[in-house]
Amino acid sequence: MKQHIFLSSPHMSEEGYEKKYIEEAFDTNWIAPLGKNVTEFEKEMEEKIGAGKAVALSAGTAAIHMALKSIGVSQGDVVFCQSLTFSATANPIVYEKAEPVFIDSECDTWNMSPKALEEAFEKYVEMGRKPKAVMIVHLYGICAKIDEIAEICGRYQVPLIEDAAESLGSTYKGRYTGTFGDYGIISFNGNKIITSSGGGMLLVNTEDAEKRAEKVLYWSTQAREPAPWYQHTEIGYNYRMSNIVAGIGRGQLKVLDQRVEKKRCIQEYYQKHLGDLCGLHFMPAPKDTRCNCWLSVVQLDEDCQVKPLDIIKALEAEDVESRPVWKPMHLQPVFSGCDFISLTGDLHIVDDETGADNSISGQIFKHGVCLPSDSKMTDEDLQRICDTIRMLWEQTSSENSGR
Ligand SMILES: *Cc1c(COP(=O)(O)O)cnc(C)c1O
């Protein structure tokens, strides 16, 4: 029987590192709270990727929330946020009652357009509403134009947050994503390149990282004051990672490089076996960057006979999971009241079914498909997927020649 193929599912180490760390936690009864795995996981991450201070939290979303709080984002503040992303990037802005202003992507990287960001700054500074923070995303592991964006943020003296939830292991000019911004965030959710079964990490890269990380630790452990009784002067959160979860994370960090290699091989396989299909293009690979290829994503030309949904349905019939590209935040009903800055002049809806518009992010959404990228796939699995996809092209070309 053919096995179900996942888009991207948990892949524990062959060596059983994760179990070893969990067992250690059991043996010492450090099940909760905190414990050695948590602090070691933070240290190991700092060393592995060269981050300032790492704080292990219950989710990547919690890490974004804490980054915003650490910057002091509050009611009425503006935060510039990449539109093409998962909603978890933007939601914490609203938790703090601030206002997201969404920025369009560029074709080169699919991530925040530095030119659109510059335009947003001009508009909002003119209005006397300089943003409190800028949040970029390295979508699917593709690096954003970090240098250009950091230069703009530096010029306006606005802190930069890197949502590196999908890009752990990707490098930009030889340095890991998540270590460039004042803050970086990582996710260990079940579908990410490594998983702790659920969890996240905040990376603080500022000069006063130690102090800021300490404050985040305080907020994320219910904001308890150092008193012999329960004393509180601020609202706290229960955001800290558990010692068991951290044990899985530590084991997974040991195989991060292996996972990146495998994910890159998957993309190479697709390029080799699908690269000749008419109207199909792969995600960009900006120069001086190395992508972790968390997901392999393709774009279909507007006039391509095969549509993204055709691929998704054909794979589904084979019990293979694929997904559309994230639908941009500026097109989401929940954010309909928010401003959107794009260099595409006249914005209008071009697809009534999905609600895609003619912005760059809208077009990437409309034409994109995330192909199965599970690191446990074999070459046979990949061949099965490529055969299914190639069949769609063969069908349309035979339909055309029969006309
Ligand atoms: C997964 C993801 C998050 C959220 O991480 P969680 O650990 O699931 O909270 C944030 N941003 C992006 C871009 C993601 O893909």
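Worth saying up front: this structure is predicted, and the values here are computed from it rather than measured. Counting starts at 1 for both ligands and their atoms, in listed order. Computation of the quantities below employed the complete heavy-atom set of this structure, encompassing side-chain atoms and omitting hydrogens, waters and symmetry-equivalent molecules.
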Can you check whether Tyr95 and Tyr237 have ring centres sitting under 6.0 Å from each other?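 Not under 6.0 Å, so no.
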Is the gap between the ring centers of Phe282 and Tyr270 under 6.0 Å?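 No, the ring of Phe282 stays outside the 6.0 Å limit from the ring of Tyr270, centre to centre.
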Can you list the atoms of ligand 1 that are under 4.0 Å from a heavy atom of [X]?
X: Ala88; answer: 3 (C), 4 (C), 10 (C)
X: Thr85; answer: 13 (C)
X: Gly199; answer: 7 (O)
X: Ser187; answer: 1 (C), 5 (O), 6 (P), 7 (O), 8 (O)
X: Gly60; answer: 5 (O), 6 (P), 7 (O), 9 (O)
X: Ala165; answer: 2 (C), 3 (C), 10 (C), 11 (N), 12 (C), 14 (C)

So, is Glu166 polar-close to ligand 1, with some N/O to N/O distance under 3.5 Å?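 By distance alone, the answer is yes.
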Please determine if Lys192 has a nitrogen or oxygen closer than 3.5 Å to a nitrogen or oxygen of ligand 1.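 By distance alone, the answer is yes.
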With a 4.0 Å cut-off, would you call Lys173 and Asp147 a salt bridge?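 So Lys173 pairs with Asp147 through a salt bridge.
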Starting from atom 11 (N) of ligand 1, what is the nearest protein heavy atom, named by residue and atom, and what distance separates them?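 For atom 11 (N) of ligand 1, the nearest protein heavy atom comes out as Asp163 OD2, 2.7 Å.
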Closest protein heavy atom to atom 9 (O) of ligand 1, given as residue, atom name and distance to 0.1 Å: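 Heavy-atom neighbour on the protein nearest atom 9 (O) of ligand 1: Thr61 OG1, 2.5 Å.
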Under the 3.5 angstrom rule, does the side chain of Tyr239 hit a backbone N or O of Ala59 as a donor-acceptor pair?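 No, because the side chain of Tyr239 does not come within donor-acceptor range (under 3.5 Å) of the backbone of Ala59.
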Between the side chains of Lys254 and Ser13, does any donor sit under 3.5 Å from an acceptor?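 Not at all, the side chains of Lys254 and Ser13 share no donor-acceptor pair under 3.5 Å.
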Is the closest side-chain donor-acceptor distance between Ser74 and Lys132 under 3.5 Å?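 Side-chain D/A pair, Ser74 to Lys132: absent.
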For Tyr21, is the NZ or CZ atom of Arg250 found under 6.0 angstrom from the centre of its six-membered ring and inside 45 degrees of the ring axis?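 Yes, Arg250 sits over the ring of Tyr21.
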